[in-house]
Amino acid sequence: MVKITDDYSTNQAAFDKAAIKVPKYNDKDVAAKTLESPRWVHFGGGNLFRAFHAGIASHLIDAGKADTGIIVAETYDDTVTNQIYGKYNNRILRVITKADGTQDRELFGSVAKAIYAGPATEDASGFEELKTIFEKDSLQVVSFSITEKGYHLKNGAGEYFPPVARDLENGPAKPENNMSLLVSLLFARFNAGATPITLMSTDNFSQNGDRLKESVLTIAKAWQDKGFVGQDFMDYISDPKKVGFPLSMIDRITPNPSETISESLKKDGFEDADILHTPKHTNIAAFTNTEEAHYLVVEDDFPNGRPAFETDGVIMTDRDTVNAADEMKVTTCLNPLHTALAIYGSILGFKSISSELQNKDLVALIKQIGYVEGLPVVKDPKVINPQKFIDELVTKRLPNPYIPDTPQRIATDTSQKLSVRYGVTIQHYVDDPSRDTKDLNFIPLVIATWLRYLMGINDKGETFEPSPDPMYDELHEKVAGFKLGSSDVDVHDAVKGILSNTGIFGLDLYKAGLGDKVEAYFKQMLAGEGAIVKTLEDTLASKAKQTD
């Protein structure tokens, strides 16, 4: 048996027996150097970080390209820092699960320390520790994987969240919100000499660096107006030669730790394979499971220098290329296909994305969305080939049964995603005089299926629990009155407010020439039990174009 905390330099045979690759470096030495001269801080200690960023840092150290690792700042869940990082000496076991059932297991010792920096009004110790780190000239990069919600300062009504509102009134002394915390730390750095720094968002949404910058400047400007900071601080964080906010595109499917992987690790003699379900609903373990395919494209904007990211496969490039790579992924080659599978998988009762790829009609659906309707209007980023990206996704990544991802997870917050995942492609058709939105059949079909999903009634006529969505209740109310077997009913009055909502789709679907088509598909799906599957079958039979 072997534990993750065992000395891998003197006990390598035990790790070898469990098929775990170990680092060449001494993680205690790396931790000491990191705390003395920190170069990289990361906010968000969850599974994506553990599978991706920690691996990049570990490989750079192993290759002699770096001699320091990462300090993790966790602002959401203190159980993660105490019961995972602290308990396991900050080590991480990454398990890459391949489509043939094999695994690559690798131990990372690149995390020097994990600090919980929750609301400083409750416990300021983590905040004060981070402040000391931010005051060091050596710090080059602060990266983020805190989910898109972590950047939001206001609710749907345009009002500041209460902790943000209090922070704007109270100033930088004891921040509650994570973005306020960040601005407070930047203020400490400014006061310690205003050394340059880069704030690198690697969260999975478009224009992530710009969104981060907007949040930082919003808080700083409010503090300036109240006299907490001066114009000189505003000049510092606004100067690209002082503070960089690069854009990035990140892609690596990293679901919650898998019980199957846990059991396989235990079987091979790895003791620390239990999965922790925290009171805040974080699912995390000493190990993290992820897929083999991965992409990280980053705008090369680092005014205080950076690690040699490119030596471990990160694509360092210019801003336009990042934008193109991101749009390729989120509007054409991955996210629209994922959302289609999420909606259909949820309403048809599938328990995994991979099992949906065994259904020939669902495979045909996502091929029509990706190859036929999306590819013709996508901009080629050059650094990644869009068609090959879809090929890999459809043939290798999504069908991988060892990536335990669920349609229900992907379906979370769907109303917040549709404008990017489908609205952008529709807008390209609207803007291009050589194209016609009437040629779009399968994107409207997915949107209609989403309306059917909002009823909370599956294809068997049974109620099911839709995934969390901030708009679900109000949208459900609009379609809740429909009953199966009522396909002759006029649906327009009920759904027009949804399909014309530019906040949901980025444009009015009626003005785009698609509203009536979506309504027609939706009516077909109200015919009775099995109508969702039948509508898909009929549409594929009559509208599908060759993709192979």
TODO: Output, in order, the C-alpha distance, side-chain angles, deciding distance and verdict of side chain to side chain contact (heavy atoms under 4.5 Å, CB included) for I369 and I443.
DONE: CA-CA 6 Å; I369 293 170; I443 289 175; 4.3 Å; yes
Looking at residues at least two apart in the chain, or sitting in another chain, which of them share a ring-ring contact (aromatic ring centres under 6.0 Å, His included) with [X]?
X: H476; value: Y472
X: F144; value: F43
X: F505; value: none
X: Y85; value: none

Side-chain donor/acceptor of [X] to backbone N/O of [Y], under 3.5 Å:
X: N289; Y: V95; value: no
X: D459; Y: A531; value: yes
X: N82; Y: D78; value: yes

[Y] and [X], any side-chain heavy atoms less than 4.5 Å apart:
X: T254; Y: F52; result: no
X: K478; Y: L451; result: no
X: N47; Y: I284; result: yes
X: L536; Y: L362; result: yes

Task: Inter- and intrachain pairs under side chain to side chain donor-acceptor pair (under 3.5 Å), touching residues 383-393, at least two apart - done: Y295-E392, Y371-D391
TODO: Would you mind listing every side chain to side chain donor-acceptor pair (under 3.5 Å) that reaches into residues 416-425, with sequence neighbours excluded?
DONE: T339-R421
TODO: Search all heavy atoms of F389 against all heavy atoms of C333 and return the closest pair with its distance.
DONE: CD2-CB, 3.5 Å
[atom1]-[atom2] distance between [X] and [Y], expressed to the nearest 0.5 angstrom:
X: R409; Y: H338; atom1: CZ; atom2: NE2; value: 7.0 Å
X: I504; Y: M471; atom1: CD1; atom2: CE; value: 4.0 Å
X: Y116; Y: Y76; atom1: OH; atom2: OH; value: 9.5 Å
X: I146; Y: E74; atom1: CD1; atom2: CD; value: 10.0 Å

Can a donor-acceptor pair be found between the side chains of [X] and [Y] at a distance below 3.5 Å?
X: Y88; Y: D272; value: no
X: S143; Y: H53; value: no
X: Q83; Y: T278; value: no
X: S248; Y: N208; value: yes
X: T282; Y: D77; value: yes
X: D469; Y: S415; value: yes
X: Y521; Y: T535; value: no

- [ ] Given ring pair (Phe, Tyr, Trp, His ring centres under 6.0 Å), test F464 with Y453 step by step and report yes or no.
- [x] CA-CA 9 Å; F464 75 99; Y453 165 97; 5.5 Å; yes
Salt bridge flag under 4.0 Å for residues [X] and [Y]:
X: K379; Y: E327; answer: no
X: R211; Y: E148; answer: yes
X: K266; Y: D274; answer: yes

Task: Contacts of type side chain to side chain donor-acceptor pair (under 3.5 Å), residue T147, not counting sequence neighbours - done: none
Salt bridge (charged side-chain N to carboxylate O under 4.0 Å, His left out) against [X], all qualifying residues, sequence neighbours excluded:
X: D473; value: none
X: D508; value: none
X: D210; value: R319
X: K460; value: none

Task: side chain to side chain contact (heavy atoms under 4.5 Å, CB included) against D439, all qualifying residues, sequence neighbours excluded - done: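 Per chain and number, D439 pairs via side chain to side chain contact (heavy atoms under 4.5 Å, CB included) with D436.
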Take a 6.0 Å sphere around [atom1] of [X] and say whether it holds more than 12 heavy atoms from other residues, nucleotides or ligands.
X: E477; atom1: CD; result: no
X: E462; atom1: CD; result: yes
X: K280; atom1: NZ; result: yes

- [ ] Test Y402 against T260 for side-chain hydrogen bond (donor to acceptor under 3.5 Å, both in side chains), laying out the working first.
- [x] CA-CA 8 Å; Y402 301 98; T260 302; over 6 Å; no
Task: Steps toward side chain to side chain contact (heavy atoms under 4.5 Å, CB included) verdict (R50, R94) - done: CA-CA 7 Å; R50 293 164 68 79; R94 183 180 71 186; over 6 Å; no
Task: Parallel, tilted or perpendicular, as decided by the 30° and 60° cut-offs, for the rings of F522 and F482 - done: perpendicular
- [ ] Walk me through it: do I261 and T97 pass the test side chain to side chain contact (heavy atoms under 4.5 Å, CB included)?
- [x] CA-CA 9 Å; I261 301 302; T97 55; 3.4 Å; yes
TODO: Please test F245 against E214 for side chain to side chain contact (heavy atoms under 4.5 Å, CB included), starting from the C-alpha separation and ending with a verdict.
DONE: CA-CA 10 Å; F245 293 89; E214 180 185 359; over 6 Å; no
